[in-house]
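Note on naming: letters A, B, ... go to the chains in the order of the sequence lines (proteins, then strands), and numbering restarts at 1 for each one. Remember, it's a predicted structure, so these values are computed and weren't measured experimentally.
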Amino acid sequence: MSPRIGVITFPGSLDDRDALRAVKLAGGEPVSLWHADADLRGVDAVILPGGFSYGDYLRCGAIARFAPAMNTLVDAAKGGLPVLGICNGFQVLCESHLLPGALRRNHHLHFRNRDQKLRIESTSTRWTQDYQEGEEILIPLKSGEGAYIADEKTLDALEAEGRVIARYVGNPNGSLRDIAGISNEAGNVVGLMPHPEHAIEALTGPSTDGLGFFTSVIRALVPA
Amino acid sequence: MTDTVSQAQQSPDAEQPYLELGLKDDEYARIREVLGRRPTQTELAMYSIMWSEHCSYKSSKVHLRQFGEKAPKTDALLVGMGENAGVVDVGGGLAVTFKVESHNHPSFVEPYQGAATGVGGIVRDILTMGARPIAVMDPLRFGAPDHPDTARVLPGIVAGVGGYGNCLGLPNIGGEVVFDPCYQGNPLVNALCVGVMPHDRIQLSAARGVGNVVVLLGAKTGRDGIGGVSVLASATFEEGAETRRPSVQVGDPFAEKLLIESCLEMFDRKLVVGIQDLGGAGLTCATTETAAAGKSGMRVWLERVPLREPSMEPHEILASESQERMLAIVEPSKLDEVLALAAKWGVIATAIGEVTEGDRLVITWHDDVVVDVPPRSLSDEGPVYNRPIERPGDFDLVRADRAETLPRPKTGDELRETLLKLVASPNLADKTWVTEQYDRYVQGNTVLAQPEDAGVIRLDEETGRGIALATDGNGRYAKLDPYAGAQLALAEAYRNVATTGAAPLAVTNCLNFGSPEDPHVMWQFQQAVTGLADGCQQLGTPVTGGNVSFYNQTGSTAIHPTPVIGVLGVFDDVARRTPIGFQDDGESLILLGS
Amino acid sequence: MPASTRVVVDVMLKPEILDPQGQAIANALPTLGFSSIAAVRQGKRFEVELAGEATEEALDEVRRAAATLLANPVIEDFEVRVEVAQ
Amino acid sequence: MPASTRVVVDVMLKPEILDPQGQAIANALPTLGFSSIAAVRQGKRFEVELAGEATEEALDEVRRAAATLLANPVIEDFEVRVEVAQ
Ligand SMILES: Nc1ncnc2c1ncn2[C@@H]1O[C@H](COP(=O)(O)OP(=O)(O)O)[C@@H](O)[C@H]1O
């Protein structure tokens with residue numbers, strides 16, 4: 001049986017269908033989850049999709065983190081459930097304190113959509129094990145508040161513990177230390193600013209480099 | 001106090017500020033004739049809006065008929081002009097609707113919000129047809145790049161287009177950025193939206209079925225953009241005029257996103273009989289048009305409309321241009337389900353009226369009847385003008401300066417210099433600064449977007465069925481020859497679609513012109529419409545919808561006539577698309593045509 | 001000491017203008033268990049540090065900057081206040 | 001009358017955090033001829049209207065809303081003030 005991977009839709013989520021499509025293409029069973037429903041329907045992993053939850057007028061992810069589904073998810077994540085937050089999902093994970101730091105307005109103050117080169121820095125998380133360390137991938141970035149910030153101590157700790165999972169090659173937004181994605185200590189929770197779910201088909205993406213995030217977790221869930 | 005129908009009957013000679021509201025003497029006389037009495041203040045406001053150029057197309061109607069008269073035969077047309085947007089069959093059980101509209105003047109006043117609400121408005125037009133909006137495009141025109149007004153409006157307009165579209169989750173698959181001094185005091189912000197639906201989800205606006213409930217969905221109503229109608233306030237109320245001034249419309253894309261999702265779920269569950277978006281003329285337009293289309297009457301309890309500002313008067317509520325609202329006609333047995341569904345998405349839904357026997361639109365405010373009109377008199381039987389037309393006196397002079405007489409580069413150095421000049425010119429320069437601010441990936445079906453000449457979207461993941469869209473327009477050509485200029489724009493958009501590999505199917509247009517009261521402008525308009533209608537006839541692609549924007553001028557100087565043409569094409573399989581770039585070494589270059 | 005004088009510019013949407021930000025927050029509050037809050041409006045706060053002392057000219061300049069750059073007078077009102085550091 | 005009491009929540013980025021918006025404004029000022037302004041920081045101002053009176057409980061709730069929702073303590077500081085309407 002292929003692993004069941006849930007995608008939580010918040011009011012204002014936009015890339016939820018895309019995340020579901022990516023799960024399917026990677027060989028998993030996509031499961032739609034609703035923010036107001038505390039029941040995660042027994043899924044084996046969860047993706048928090050991109051978008052503008054609640055319009056993101058206050059701070060990205062600030063309101064979404066209070067959703068009933070998030071309450072359940074925070075506990076489940078602490079218990080080891082694999083969770084990937086993409087873009088807005090990354091912001092929600094930071095606001096929920098499942099990941100340290102915060103995402104700030106891009107330093108140039110514009111929304112920026114471009115095909116972005118990343119270097120995979122850690123392959124020891126549930127979501128990156130199908131990549132090679134140092135591998136460069138090309139996936140879309142599209143965000144206005146994508147600059148990762150944290151205090152020096154936190155940044156040093158992230159680096160020391162190998163929790164920076166991907167860095168920008170050519171910093172597009174002022175992220176500190178070129179950070180594009182990080183993980184929690186256990187490696188089950190990952191936040192990533194660019195969008196791997198938009199690089200899964202040659203027809204619609206700049207590459208198919210994004211598939212690895214989804215195949216990684218599926219492999220982690222179905223031991224060979 | 002609120003002017004009621006019975007007061008209107010008792011005080012037939014009360015003076016009314018119809019001139020200030022933009023109505024002419026004979027138009028006012030006709031209103032009195034239709035009603036058999038003077039209009040109430042609220043009715044007057046409604047007529048002034050619905051009979052405005054913007055809503056009634058009174059100057060353009062006689063010319064736009066050509067699109068219908070010359071329409072080529074096609075089996076693809078499922079819904080023609082007249083509804084909010086035309087709908088075409090693209091095969092595989094799918095239907096596509098698309099339309100381009102202008103939001104020029106609001107964008108000059110407040111660039112960010114003007115552009116944002118322009119996108120929001122056209123998206124609701126598409127949603128109204130039953131379609132899921134799937135992409136947007138934004139043909140833009142600015143003044144000279146180094147002019148201070150351009151520096152003021154361009155960043156705001158681009159951020160507004162992006163801010164609204166990105167937050168809605170609509171990929172931006174193309175557009176235009178053109179600079180020309182003629183747009184200095186009057187930039188053009190045109191916005192196109194395209195949507196897709198299964199055939200059986202097509203919605204119409206008619207309010208049918210006596211006893212059916214009229215439900216207002218979406219944002220609360222505030223004093224947004226009640227421009228001309230504020231005259232009524234200042235004419236009737238001396239004090240407090242300050243708080244009654246109209247305000248700039250602010251867009252709330254999050255509210256619109258929720259409106260989209262809740263409406264689509266209602267369509268899928270077949271919960272609505274008719275639906276109409278609230279655009280420029282707000283509730284006035286939505287109630288009169290739905291009732292007129294349904295050939296029925298309607299009763300509205302206006303005090304039920306949720307207000308942002310409790311002190312609003314009936315005419316203000318009816319004229320408000322608050323964004324992110326829709327009007328649905330619902331069978332009583334399905335009302336609860338509609339309300340529950342709206343609540344699930346956090347959308348305010350309120351039953352404000354019902355469909356009635358007969359052909360009167362009756363609106364009460366608490367216990368007073370403030371409106372009692374035949375809806376068709378507002379929506380369909382407004383004034384129609386055959387305005388004077390005159391070829392501009394300087395037309396031959398302008399055309400005397402021919403391309404052949406311009407100096408040509410002769411030497412290699414001159415050629416090099418010309419090339420560098422061209423490459424550096426703002427109209428040809430790289431548009432990345434603009435396009436990077438737009439999400440082109442969201443929804444995961446974008447096959448081609450910038451820097452391609454046409455956008456391509458996949459509709460069906462199984463079959464690969466999809467569409468291509470391009471918009472083009474050239475005000476300088478159109479100024480030199482409006483007939484040929486419109487055709488050139490059509491031909492360019494048509495070629496841009498065809499070169500991707502798609503078969504062109506239908507046409508939309510946004511006609512940006514100066515004042516229709518200027519016979520020279522009216523001549524340009526008539527020429528452009530004729531050119532476009534003739535061109536569409538020859539190419540076999542019908543015009544399925546569009547928009548006319550008049551009064552684009554600074555003082556008495558009009559912009560160049562700027563017809564912007566959008567062409568839609570179809571693919572059986574988007575995997576066949578051809579991008580503009582070279583794909584491999586050693587490919588041959590072949591020039592087609594002469 | 002006047003050198004540490006800070007000028008604050010508060011910018012709020014005009015009352016009649018739709019405030020989607022405040023509304024999104026207000027709508028979320030009840031479900032988060034905050035019931036004593038009836039409405040929220042969101043605006044901007046600028047903390048301006050002067051190069052010199054808070055003379056009338058300097059404050060005038062802040063007012064002009066507020067009217068042209070910090071606030072958008074088409075949709076926003078602003079207020080300039082001098083705040084003496086504690 | 002306490003019913004018209006307005007509570008203001010000011011949210012500013014912590015001083016050590018880079019503020020690109022404030023900086024962009026500060027950079028634009030000299031070219032616009034504003035020379036007496038040395039630095040600008042941009043934050044948020046929330047005007048909160050209470051459902052009832054400004055009791056200690058109500059204010060406590062605003063403080064909790066500020067700490068959990070209106071501000072992100074990882075990067076922002078906030079201040080809650082009662083403002084009596086003029
Ligand atoms: N306002 C805009 N919005 C979205 N895309 C745009 C806009 N302006 C230009 N583009 C896109 O940028 C690309 C280059 O535009 P342009 O230089 O005008 O091309 P061309 O001259 O070939 O029409 C095209 O793909 C076009 O669709």
Side-chain angles (χ1 to χ4, degrees), chain B residues 106-114 116-117 120 148 152-153 155-156 159-160 163-164 167 218-226 230 233 240 242-258 306-312 316 320-325 343 345-348, chain C residues 7-51 57-81:
Chain B
S107 302
F108 186 66
V109 176
E110 169 34 42
Y112 184 97
Q113 296 298 343
T117 53
R152 180 181 72 87
V153 300
Y164 206 100
C167 189
K220 288 187 183 172
T221 299
R223 285 198 175 89
D224 301 330
I226 33 189
S230 62
E242 179 70 357
T243 60
R244 289 172 191 287
R245 84 192 138 204
S247 52
V248 170
Q249 309 154 18
V250 168
D252 182 350
F254 174 56
E256 180 123 322
K257 167 73 177 163
L258 302 180
L307 300 180
R308 210 166 71 228
E309 293 178 78
S311 63
M312 288 176 75
E316 292 180 303
S320 163
E321 298 186 343
S322 286
Q323 303 289 298
E324 292 97 20
R325 297 179 298 164
W345 284 101
V347 170
I348 303 174
Chain C
V7 184
V8 173
V9 182
D10 286 326
V11 177
M12 297 299 292
L13 283 171
K14 290 179 198 269
E16 69 273 18
I17 299 258
L18 173 72
D19 172 20
Q21 327 177 65
Q23 211 169 288
I25 298 167
N27 290 344
L29 286 169
T31 62
L32 307 182
F34 300 113
S35 55
S36 33
I37 299 175
V40 181
R41 287 181 76 81
Q42 179 175 338
K44 295 176 192 151
R45 172 186 164 96
F46 296 93
E47 294 185 354
V48 176
E49 229 172 84
L50 297 178
E57 287 84 59
L59 288 180
D60 252 4
E61 205 178 290
V62 174
R63 269 179 221 113
R64 265 182 297 129
T68 53
L69 190 64
L70 305 182
N72 174 356
V74 179
I75 53 173
E76 293 169 327
D77 292 325
F78 66 89
E79 221 185 281
V80 176
R81 296 182 283 119

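When side chains are defined from C-beta on, C:Pro20 counts as touching B:Val250, because their heavy atoms get closer than 4.5 Å.
The CD1 atom of C:Ile75 sits 4.5 Å away from the CD atom of B:Glu110 when rounded to the nearest 0.5 Å. We find the CG-CD distance between C:Leu18 and B:Glu324 to be 7.0 Å, quoted to the nearest 0.5 Å.
The minimum heavy-atom distance between C:Glu16 and B:Arg308, with the atom names listed, is O-NH2, 2.8 Å.
No part of C:Asn27 comes within reach of chain B, as not one of its non-hydrogen atoms sits under 4.5 angstrom from that chain.
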